[in-house]
Amino acid sequence: MPAAPSTLGDRLQALVKGPQFIWWVGHVTMLVCTAMYLPYWATFNYKAGAHWYTRAFFGALVSYTVVVYKSFPSVQFTAQFAQSLFSEENVQYLLMAIFWWRSTPMLAPLIPYAIFAFFNSLNYTRTNILPAFFPAPPAGTTDATHAQVALISRKIQVWTEKNHGAAMAFVAYIEVIGVMGSLIFGAITFQSSFLSPIVYANFLRFRYFFSLHTRAAFALIRARLDNLIVPQGGNPKIPPVVAQVYTTLRGAITRFGQAAVQQPAHASN
């Protein structure tokens, strides 16, 4: 005999017991705390809003810890396992979340995590939370409320699929320009550690290898800088020493970026 329809309490109890729910709570925490931090950032009152910044990245830590645990449930003390572990995209974001969690508050690092959290929490709401509150009616019957919820769910799916690519491209530009620019500015003005840009540069090198969006962001930035500083035929407004310094730095960054990075079997983004 088919099982009797479960009650709302049963469905919610089953929902909150899963690790995916904790993952969703972490994403929601990131979104809410980022929103709470924004007024402090907008009024240059960074220190007063630092607790919201750290709470936001604590939410990210929760979410990415769940993902990493599900990806690597069994720890192995081998070089191959360590290589596979640290080549995983979610592990890299988890490590950076730990780094940001203990760093000087800045808005730029929050933006990529908040965008990821927005799309992930929205999809979880569509696939898990809405069905828990509004389950499908028994076969052969119709329900007006469920039909409306199904329509909303479909609209969410269409919207996320349509905008996901553009959002990931925007994240890449924020990571390359916004975050690194903030770190360099912070190091120059002694507002953050000089080691921060170095640590983040290694993360960007990883992203360059495994993300098409990151490579596209770097390519666009290089093309625009080349066109401005060292265009074909030269730029009379740019002193030769500036062009030479730029060319040297560009070569050094290229060599750093091309340093060997072990690629996992399946790279995302």
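Side chains are part of it too, since the values below use all heavy atoms of this structure and drop only hydrogens, waters and symmetry mates.
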Novice: Where do Arg11 and Pro131 come nearest, in terms of heavy atoms and distance?
Specialist: NE-O, 4.2 Å
Novice: Could you state the interatomic distance from CG (Leu38) to OG1 (Thr43), rounded to the nearest 0.5 Å?
Specialist: 10.5 Å
Novice: Once rounded to the nearest 0.5 Å, what's the spacing between atom CH2 of Trp24 and atom OG1 of Thr127?
Specialist: 11.5 Å
Novice: Are Val75 and Ile98 joined in one hydrophobic group, where the rule is that I, L, V, M, F, W and Y side chains link up if heavy atoms are under 4.5 Å apart?
Specialist: yes
Novice: So that I know where these two stand, are Tyr69 and Trp23 an aromatic pair - ring centroids less than 6.0 Å apart?
Specialist: no
Novice: I need the single residue from Trp159, Phe170, Tyr124 that forms a ring-ring contact (aromatic ring centres under 6.0 Å, His included) with Phe119. Which is it?
Specialist: Trp159
Novice: Please tell me whether Thr189 and Gln191 have a donor and an acceptor in their side chains that are separated by less than 3.5 angstrom.
Specialist: yes
Novice: Under the criterion ring-ring contact (aromatic ring centres under 6.0 Å, His included), which of Tyr208, Phe86, Tyr93 is the partner of Phe203?
Specialist: Tyr93
Novice: What is the minimum heavy-atom distance between Ile229 and Ala243, and which atoms define it?
Specialist: CG2-CA, 3.9 Å
Novice: Please confirm whether the backbone N or O of Gln80 pairs with a side-chain atom of Ser84, one donor and one acceptor, at under 3.5 Å?
Specialist: no
Novice: Counting only heavy atoms not in Gln157 (residues, nucleotides, ligands), do more than 12 fall under 6.0 Å from its CD?
Specialist: yes
Novice: Less than 4.5 Å apart, any side-chain heavy atom of Tyr246 and any of Ile238?
Specialist: no
Novice: Have Arg205 and Asn202 got a donor and an acceptor in their side chains that come within less than 3.5 Å?
Specialist: yes
Novice: Side-chain heavy atoms nearer than 4.5 Å, only ILVMFWY residues, links allowed to pass through others: does that put Ile177 and Val199 together?
Specialist: yes
Novice: In this structure, are over 12 heavy atoms from other groups packed under 6.0 Å from Glu161 atom CD?
Specialist: yes
Novice: Is there a side-chain contact between Phe57 and Leu110 (heavy atoms, below 4.5 Å)?
Specialist: yes
Novice: Taking the six-membered ring for Trp, are the ring centroids of Phe206 and Phe210 within less than 6.0 Å of each other?
Specialist: yes
Novice: Within this structure, what is the CE-OG distance for the pair Met106 and Ser182, rounded to the nearest 0.5 Å?
Specialist: 5.5 Å
Novice: Would you say the side chain of Leu94 lies within less than 4.5 Å of the side chain of Asn90, judging by non-hydrogen atoms?
Specialist: no
Novice: Can you measure from OG1 (Thr54) to OH (Tyr37) and round to the nearest 0.5 angstrom?
Specialist: 10.5 Å
Novice: Same cluster for Phe44 and Trp52 if Ile/Leu/Val/Met/Phe/Trp/Tyr side chains link at under 4.5 Å?
Specialist: yes
Novice: Flag the pair Arg154 / Arg126 as yes when at least one side-chain heavy-atom distance between them is below 4.5 Å, and no otherwise.
Specialist: no
Novice: Hey, are the side chains of Tyr40 and Lys47 touching, using non-hydrogen atoms and a 4.5 Å cut-off?
Specialist: no
Novice: When hydrophobic residues are tied together by side-chain contacts of less than 4.5 Å, even through go-betweens, does Met96 share a cluster with Ile198?
Specialist: no
Novice: First locate atom OH of Tyr64, then atom CZ of Phe116, and finally report the distance between them rounded to the nearest 0.5 Å.
Specialist: 5.5 Å
Novice: Taking the side chain as every heavy atom from C-beta outward, state whether Val179 and Leu204 have any pair of such atoms under 4.5 Å apart.
Specialist: no
Novice: Please evaluate residues Ser121 and Leu31 with respect to the criterion side chain to side chain contact (heavy atoms under 4.5 Å, CB included), reporting the C-alpha separation (whole Å), side-chain torsions for both, the decisive distance (0.1 Å), and the verdict.
Specialist: CA-CA 9 Å; Ser121 59; Leu31 286 173; 3.5 Å; yes
Novice: Quick one, Arg250 with Leu225, criterion side chain to side chain contact (heavy atoms under 4.5 Å, CB included). Give me CA distance, side-chain angles, the key distance, then yes/no.
Specialist: CA-CA 10 Å; Arg250 185 186 64 186; Leu225 289 175; over 6 Å; no
Novice: I'd like to know if Leu195 and Ile188 are part of one continuous hydrophobic network [Ile/Leu/Val/Met/Phe/Trp/Tyr, side-chain heavy atoms within less than 4.5 Å].
Specialist: no
Novice: So, taking the atom named OG1 in Thr34 and the one named CZ in Phe118, what distance separates them when rounded to the nearest 0.5 Å?
Specialist: 13.0 Å
Novice: Evaluate Asn128 against Phe21 for side chain to side chain contact (heavy atoms under 4.5 Å, CB included), listing each step before the verdict.
Specialist: CA-CA 9 Å; Asn128 295 78; Phe21 181 79; over 6 Å; no
Novice: Side chains of Glu175 and Tyr200: does their closest heavy-atom pair fall under 4.5 Å?
Specialist: yes
Novice: Any side-chain donor-acceptor pair under 3.5 Å between Gln92 and Glu88?
Specialist: no
Novice: Could you go step by step and tell me if Leu212 and Met168 meet the side chain to side chain contact (heavy atoms under 4.5 Å, CB included) rule?
Specialist: CA-CA 10 Å; Leu212 293 173; Met168 294 305 102; over 6 Å; no
Novice: So, for Phe99 and Ser196, which heavy atoms are closest and what is the spacing to 0.1 Å?
Specialist: CZ-OG, 3.6 Å
Novice: Run the numbers on Phe58 and Trp100 for ring-ring contact (aromatic ring centres under 6.0 Å, His included), then give the verdict.
Specialist: CA-CA 10 Å; Phe58 180 77; Trp100 299 128; over 10 Å; no
Novice: Which heavy-atom pair separates Ser192 from Leu183 by the least distance, and what is that distance?
Specialist: OG-O, 3.8 Å
Novice: Considering non-hydrogen atoms only, spot the tightest contact between Asn227 and Pro231 and give its length.
Specialist: O-CB, 3.3 Å
Novice: Evaluate the side-chain proximity of Ile22 to Val62: yes if any heavy-atom separation is below 4.5 Å, no if none is.
Specialist: yes
Novice: Above 12 or not: heavy atoms from other molecules or residues under 6.0 Å from CZ of Phe194?
Specialist: yes
Novice: Please report the shortest heavy-atom distance between Met30 and Ala56, naming the atom on each side.
Specialist: CE-O, 3.2 Å
Novice: The criterion is side chain to side chain contact (heavy atoms under 4.5 Å, CB included); which residues satisfy it with Phe133, sequence neighbours excluded?
Specialist: Leu8, Leu12, Ile129
